[in-house]
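Written out below as structure tokens is the structure these notes cover.
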Amino acid sequence: MNKYDSERIAGLLCKYKAQYEENTQNADVIVFNTCTVRESADDRLFGQLGNLRGVKEEKPDLIIAVGGCLAQSYGEKLLLKFPQIDIVFGTHNIERFPYLLKSRILTGNRVIELKNESTYDISCLPSSREKSFSAWVSIMHGCNNFCSYCIVPYVRGRQSSRPSSQIIKEVKNLVSSGVIEITLLGQNVNSYGKDLADDLNFPKLLKSLSEISGLKRIRFITSHPKDFNSETIKVVAESERLCNHFHLPLQAGSNKVLKDMNRGYKKDKYLRLTEEIYNMIPDASITTDIMVGFPTETEKDFLETLDVVEKVKFDNAFTFIYSPRPGTKAIKFNNNFSHKEKMNRFKRLVEKQTSISQMKNDRLIGKSFNVLVEDFSKKDKEMLMGRTKTNKIVNFNGDSNLIGRIVYVDIISAKAHYLIGKLKL
Ligand code: SAH
Ligand code: SF4
């Protein structure tokens, strides 16, 4: 979601003839579009601001702006704590950023603007996209779920779905400009449309989008087990264009912890859903988010999480240690078990998942897949990097003119987090 917003901020700046500068030392304006979902994200920003203090002393005309979720949460406090910041703008003020920048340049005064809700649709702002062939499409903003650990509903506001007609129009325009892959974005895509009178639900939206000719791949994140249903699996199973990858955050395997997290589902329901996915789409991949160290999690609860990991055999998992967030309900729980114990659970979880990821990737050796070539590989600049429909990263040798195209690749070896392939000629 932040990447999506950043593309809009860049799009607005480009509209006013700004140019992208790779090296921050040479930039006239530095914009941080921040996350605040865990304390580590806050710390990263504070570290970067610390590094820029000296740069700003040498170059007083440098303008530093901080937007996004952390800005929405900290507000005025940022200006008080960091004299090097010139502009603070919230998650609902992105379209105003060029005006705030102009005001800072013309008056020399520091500026702050924070609204509690949006009065415009960010999707209508110009966008400066990273890739010409692939695009994010936000289908809804905000979240109503109030999971007890999560700051997102406080910094992003209530759920607001975009009318399906607008989304379909945007996707058609993207396709006519050369986009072949879209990723639909929302904090809980399965509850899409519940706040709209008389519009499509999520599976019906997927179906309509899958009928747009020229579009090759449709992805969506994030699914929420509470609202995820068979109708969605069925639509994905029926369309070649809908990618057979589901990101279905588990968070925890124990019913007690899930209840304390206010997740709205139990372990059994989660297991049933994943079983249904594998039954209807045997080659589907399932990835997840898991958190350890929630304040009420005991060793027994943690073993329930490992049990789900073992049973579902996720292709990959994003793993986190619980981080207390100001203003959230989970703050009221005593967070008194030791850091050492949390690290121990985290390590055991990562070890188990890594061996499962390796085992699942090993099974793909000898098979061939359609791969959308995205870029050069991060690991080896001589190689290309692409993704299968199941969202597996594949590195292989090939010419850079393949970037943006779908090619056929044989898998020759596998690591836990990526595959190595050979271009089929
Ligand atoms: N809307 C998505 C997730 C958005 S946040 C969903 O509900 O699945 C992405 C992930 O960050 C979450 O799935 C969760 O695992 C993690 N996360 C959120 N708040 C956190 C916190 N306070 N501490 C640690 N991890 C957190
Ligand atoms: Fe946060 Fe829960 Fe909403 Fe996801 S669904 S953004 S975890 S409150």
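Order of appearance sets the numbers: ligands from 1, and atoms from 1 within every ligand.
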Nearest-contact summary for [atom] - protein heavy atom, Å:
atom: atom 11 (O) of ligand 1; answer: Arg38 NH1, 3.0 Å
atom: atom 22 (N) of ligand 1; answer: Ser323 O, 2.8 Å
atom: atom 6 (S) of ligand 2; answer: Gln187 OE1, 3.5 Å
atom: atom 5 (S) of ligand 1; answer: Val37 CG2, 4.0 Å

Within-cut-off N or O pair, Asp289 and ligand 1, under 3.5 Å: yes
Enumerated ligand 2 atoms positioned under 4.0 Å from heavy atoms of Pro153: 8 (S)
Distance filter under 4.0 Å to Cys143 heavy atoms, resulting ligand 2 atoms: 3 (Fe), 5 (S), 6 (S), 8 (S)
Other residues, nucleotides, ligands: >12 heavy atoms within 6.0 Å of Asn116 CG: no
Heavy-atom neighbours of Glu299 CD exceed 12 at 6.0 Å: yes
contact_flag Arg263 ligand 2 heavy-atom lt 4.0 Å: yes
Subset of ligand 1 atoms that lie under 4.0 Å from at least one heavy atom of Phe320: 10 (C), 11 (O), 15 (O), 16 (C), 25 (N)
Enumerated ligand 1 atoms positioned under 4.0 Å from heavy atoms of Gln251: 8 (O), 12 (C), 13 (O), 14 (C), 15 (O)
Determine, for [Y] and [X], whether the Lys NZ or Arg CZ falls below 6.0 Å from the six-membered ring centre while staying within 45 degrees of the axis.
X: Lys342; Y: Phe337; value: yes
X: Arg8; Y: Tyr4; value: yes
X: Lys77; Y: Tyr74; value: yes
X: Lys81; Y: Phe46; value: yes

Ligand 2-proximal atoms of Val152, by part, heavy-atom distance under 4.0 Å: side chain
Best match, Ile151, Asn145, Thr328, Val37: closest heavy atom to atom 5 (S) of ligand 2: Asn145
Sub-6.0 Å ring centroid separation between Phe228 and Tyr265: no
Centroid-centroid distance, Phe318 to His247, less than 6.0 Å: yes
